[in-house]
Amino acid sequence: RDFVRRIFEEGWNGGSFECLEGATAPSVLMHYNGASMRVTPDSLPHLVGEWRSAFPDLEMRIRHLVADGDLVAASLSVHGTHRGDWRGLPASGTVVAVEEMMFFRFEDGLLVEMWEVFDEAGMSAQLRGP
């Protein structure tokens, strides 16, 4: 639980990913809204950078963290102001707030797999307006 909390508080919210050093497998399998890909400790800061360039005040608010064996589940609220290009949409100044759920699986103390379900439809609707 502490490691997952640090990913959001230090990494996503603070921009520092030192917490990943020695805590993840060299390649982590990530499942995102039905698709799967491999991420590395080096690729995560780049991904966060893309988000933060479009939403510089991005904040991942942890609602719940639950641990059970080798799994940690996180329920999050994601908030930010659209101040840069995002997937073809120019900055609009729109404040977005959506929900996200993630699971993290650990093996021998290392993060090896993640599942993420993010409300992309809700975010798109907020960015496109009425």
Side-chain angles (χ1 to χ4, degrees):
R1 286 176 38 150
D2 291 337
F3 172 68
V4 170
R5 181 179 305 282
R6 290 178 66 203
I7 288 173
F8 294 113
E9 291 177 355
E10 295 175 20
W12 279 92
N13 295 344
S16 172
F17 286 92
E18 292 176 13
C19 63
L20 297 178
E21 292 176 16
T24 67
S27 176
V28 176
L29 181 58
M30 181 173 182
H31 310 280
Y32 176 77
N33 286 359
S36 296
M37 65 180 159
R38 292 270 175 192
V39 295
T40 67
D42 293 333
S43 65
L44 188 56
H46 175 71
L47 171 67
V48 172
E50 290 176 3
W51 275 86
R52 294 195 74 77
S53 68
F55 302 91
D57 62 345
L58 181 72
E59 182 182 7
M60 307 286 269
R61 297 178 187 165
I62 299 171
R63 297 177 135 217
H64 305 283
L65 280 180
V66 179
D68 184 23
D70 64 352
L71 292 174
V72 176
S75 169
L76 307 154
S77 293
V78 180
H79 301 260
T81 307
H82 185 213
R83 300 222 182 268
D85 289 344
W86 177 250
R87 297 182 181 172
L89 291 175
S92 65
T94 302
V95 175
V96 296
V98 293
E99 299 300 309
E100 178 175 22
M101 300 288 210
M102 293 190 74
F103 279 81
F104 300 82
R105 186 174 71 82
F106 295 85
E107 197 171 277
D108 297 325
L110 298 178
L111 177 62
V112 295
E113 194 168 12
M114 299 183 294
W115 292 262
E116 180 177 17
V117 179
F118 179 78
D119 184 8
E120 285 194 53
M123 185 166 157
S124 291
Q126 290 175 52
L127 290 173
R128 295 192 194 292

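Keep in mind the model is a prediction, meaning the values are calculated, not measured.
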If you measure from [atom1] on [X] to [atom2] on [Y], what distance do you get to the nearest 0.5 Å?
{"X": "Ile7", "Y": "Asp2", "atom1": "CD1", "atom2": "CG", "result": "11.5 Å"}
{"X": "Asn13", "Y": "Asp57", "atom1": "CG", "atom2": "CG", "result": "10.5 Å"}
{"X": "Glu18", "Y": "Glu10", "atom1": "CD", "atom2": "CD", "result": "8.0 Å"}
{"X": "Met114", "Y": "Met30", "atom1": "CE", "atom2": "CE", "result": "4.5 Å"}
{"X": "Leu65", "Y": "Phe8", "atom1": "CG", "atom2": "CZ", "result": "7.5 Å"}
{"X": "Arg128", "Y": "Leu89", "atom1": "CZ", "atom2": "CG", "result": "4.5 Å"}

Please tell me if the side chains of [X] and [Y] come closer than 4.5 Å, counting only heavy atoms from C-beta onward.
{"X": "Val39", "Y": "Leu44", "result": "no"}
{"X": "Val72", "Y": "Phe3", "result": "no"}
{"X": "Met60", "Y": "Trp51", "result": "no"}
{"X": "Ser77", "Y": "Arg63", "result": "yes"}
{"X": "Ile62", "Y": "Leu76", "result": "yes"}
{"X": "Arg38", "Y": "Leu29", "result": "yes"}

Minimum heavy-atom distance [X]-[Y], with the two atoms named:
{"X": "Gly80", "Y": "Phe55", "answer": "C-CD2, 4.0 Å"}
{"X": "Arg83", "Y": "Gly93", "answer": "NH1-CA, 4.3 Å"}
{"X": "Ala25", "Y": "Pro41", "answer": "O-CD, 4.1 Å"}
{"X": "His82", "Y": "Pro90", "answer": "CE1-O, 2.9 Å"}
{"X": "Gly84", "Y": "Ala91", "answer": "N-CB, 3.5 Å"}
{"X": "Val112", "Y": "Phe106", "answer": "CG2-C, 4.3 Å"}

Report the residues that fulfil side-chain hydrogen bond (donor to acceptor under 3.5 Å, both in side chains) with [X], sequence neighbours left out, ordered by chain and then residue number.
{"X": "His46", "answer": "Glu50"}
{"X": "Asn33", "answer": "Glu120"}
{"X": "Thr94", "answer": "Ser92"}

Starting from [Y], can I reach [X] by hopping between I/L/V/M/F/W/Y residues whose side chains sit under 4.5 Å apart?
{"X": "Leu47", "Y": "Met102", "result": "yes"}
{"X": "Met101", "Y": "Trp12", "result": "no"}
{"X": "Val117", "Y": "Val98", "result": "no"}

Restricting to side chain to side chain contact (heavy atoms under 4.5 Å, CB included), what partner residues turn up for Val95, sequence neighbours left out?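 With neighbours one apart ignored, the set is Thr81.
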Glu99 side chain vs Ser75 backbone, donor-acceptor pair below 3.5 Å: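 No, the answer is negative, given that no donor and acceptor are paired below the 3.5 Å cut-off.
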Sub-3.5 Å donor-acceptor pair from the side chain of Arg6 to the main-chain atoms of Leu20, do we have one?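 A pair under 3.5 Å: no.
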With a cutoff of under 4.5 Å between side-chain heavy atoms, which Ile, Leu, Val, Met, Phe, Trp and Tyr residues group with Leu71?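 Hydrophobic cluster check, Leu71: joined to Phe103, Trp115.
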Just to verify, what does Arg5 make a salt bridge (charged side-chain N to carboxylate O under 4.0 Å, His left out) with, not counting sequence neighbours?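 Counting only residues at least two positions away or on another chain, Arg5 forms a salt bridge (charged side-chain N to carboxylate O under 4.0 Å, His left out) with Glu9.
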